[in-house]
Amino acid sequence: MISDRKLEHLLICENYDVSFKNKTNGFEDIELIHNVLPEIDKQEIDLSTSTFGKKLDSPLFITAITGGHPAAKEINKQLAIAAENNNIALGVGSQRAACEHPELEDTYTVVRENAPNCLLVGNIGAPQLNLAEKAVEILDADILAIHLNPLQESIQPEGDLDARGYLDLISQITNSVNIPIIAKETGCGISAESAEALVEAGVDFIDIEGAGGTSWAAVETYRAEDRYLGEIFWDWGIPTAVSTVEVTNAIDVPVISSGGIRSGLEAAKAIALGADAVGMALPFLKNSTSQEQLNKFISRFNESLRIAMFLVGASNIDELKESKLVIRGKTREWLNERGINTKNYSRR
Ligand code: FNR
């Protein structure tokens with residue numbers, strides 16, 4: 001049953017090592033250029049963004065984590081209170097279980113109850129076209145995310161393996177729902193070509209969810225009877241820094257960079273590469289044990305982003321997006337192979 005699967009995902013992510021083994025998010029290859037004369041007041045640096053429809057105090061999304069099991073209710077409540085108090089965006093996990101089992105609805109309605117003003121992001125899979133409106137209504141969502149996760153489905157014992165017609169389904173969802181739509185991966189990233197197709201289908205925002213953080217092949221490996229396939233594909237995917245450059249070069253819609261982002265410094269690099277915001281999932285789950293933990297985590301993130309902005313002389317997110325940077329190593333190799341001129345970033 002879906003609800004049991006949701007609990008297993010939480011328990012595995014909380015208790016086992018689900019990180020990529022030999023692949024990183026690629027941000028170690030990105031160097032912002034130190035400015036010894038920032039000529040700005042650090043105290044006045046503005047982290048806010050209004051790109052996603054509501055003003056956020058920091059360009060930070062708590063990306064989809066949970067819901068659909070009684071154990072998820074308390075986690076969603078804690079995340080909602082923290083998101084509301086810090087005025088950041090919050091996504092919930094797949095709403096399929098609650099749309100099909102009304103007794104699980106309160107694991108999602110608890111979010112709006114505790115975050116009346118927050119930018120909330122609902123979540124469904126592309127095949128759940130018929131559940132889209134219901135998902136938006138249950139959450140009182142501002143944005144609906146459609147997750148795309150062919151690797152997870154391949155390793156998951158009960159996976160959805162017929163991926164034909166997804167673009168058509170996505171295009172139907174964008175037409176049937178009257179709020180903006182995010183297309184997101186879950187840890188394998190999105191290529192330039194896929195991003196172009198998604199935007200063509202009417203998607204309003206792209207959430208990268210690249211490789212280098214939580215590996216969903218890993219999560220499903222712990223659930224599988226035979227670990228063989230999961231072990232082989234554990235590290236599959238486009239590193240987040242690479243995917244961020246591919247996507248922001250290919251399309252003009254706002255982009256959330258995510259998948260293994262763990263600090264404000266990595267966030268600054270992602271935004272300088274062209275993202276409009278960043279997202280994190282696993283660190284928020286791990287810090288959801290108390291408001292104190294969550295507030296500390298968010299304020300540390302904000303402070304490390306602010307220091308990075310000070311050190312490049314960027315007083316707001318738009319200026320950070322224009323900051324010069326150098327792309328090195330494997331990330332440059334990949335991007336050059338794909339026809340992207342990495343010098344454009346160092347000589348802006
Ligand atoms: C997730 N993620 C996720 N994504 C989604 O679109 N629908 C979902 O239901 C879930 N469920 C879920 C449960 C748990 C426990 C975690 C930790 C994550 C994926 C998540 O949004 C994100 O894409 C990846 O986890 C990669 O980001 P991090 O964890 O490396 O920051």
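Ligands are counted one by one from 1 in listed order, and the atoms in each one are counted from 1 as well.
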>> Would you say the rings of Trp216 and His9 are close, in the sense that their centroids are separated by under 6.0 Å?
In response: yes

> Picking from Ile256, Asn149, Val121, Asn123, what satisfies side chain to side chain contact (heavy atoms under 4.5 Å, CB included) with Lys184?
Replying inline: Asn123

> By salt bridge (charged side-chain N to carboxylate O under 4.0 Å, His left out), which residues pair with Asp57, not counting sequence neighbours?
Replying inline: none

> For Arg348, does the CZ atom sit with more than 12 other heavy atoms under 6.0 Å from it, leaving out its own atoms?
Replying inline: yes

> Do the non-hydrogen side-chain atoms of Ser315 and Met309 ever get within less than 4.5 Å of each other?
Replying inline: no

>> Does the plane of the ring in Phe284 sit parallel, tilted or perpendicular to the ring in Phe297? Use 30° and 60° as the thresholds.
In response: perpendicular

Report all N/O contacts between ligand 1 and the protein shorter than 3.5 Å as a table of atom names and distances to 0.1 Å; if there are none, say 'none'.
residue: ligand 1; atom: 2 (N); partner: Ala64; partner atom: O; Å: 3.1
residue: ligand 1; atom: 4 (N); partner: Lys184; partner atom: NZ; Å: 3.0
residue: ligand 1; atom: 6 (O); partner: Asn123; partner atom: ND2; Å: 2.9
residue: ligand 1; atom: 6 (O); partner: Lys184; partner atom: NZ; Å: 2.8
residue: ligand 1; atom: 7 (N); partner: Asn123; partner atom: OD1; Å: 3.4
residue: ligand 1; atom: 9 (O); partner: Ser94; partner atom: N; Å: 2.8
residue: ligand 1; atom: 11 (N); partner: Ile65; partner atom: O; Å: 3.1
residue: ligand 1; atom: 21 (O); partner: Ala64; partner atom: O; Å: 2.7
residue: ligand 1; atom: 21 (O); partner: Lys184; partner atom: NZ; Å: 3.0
residue: ligand 1; atom: 23 (O); partner: Lys184; partner atom: NZ; Å: 3.2
residue: ligand 1; atom: 23 (O); partner: Glu209; partner atom: OE1; Å: 2.7
residue: ligand 1; atom: 27 (O); partner: Glu209; partner atom: OE1; Å: 3.4
residue: ligand 1; atom: 29 (O); partner: Thr214; partner atom: OG1; Å: 2.5
residue: ligand 1; atom: 29 (O); partner: Leu282; partner atom: N; Å: 3.0
residue: ligand 1; atom: 30 (O); partner: Thr214; partner atom: N; Å: 3.0
residue: ligand 1; atom: 30 (O); partner: Thr214; partner atom: OG1; Å: 3.3
residue: ligand 1; atom: 30 (O); partner: Gly260; partner atom: N; Å: 2.9
residue: ligand 1; atom: 30 (O); partner: Arg262; partner atom: NH2; Å: 2.8
residue: ligand 1; atom: 31 (O); partner: Arg262; partner atom: NH1; Å: 2.9
residue: ligand 1; atom: 31 (O); partner: Ala281; partner atom: N; Å: 2.9

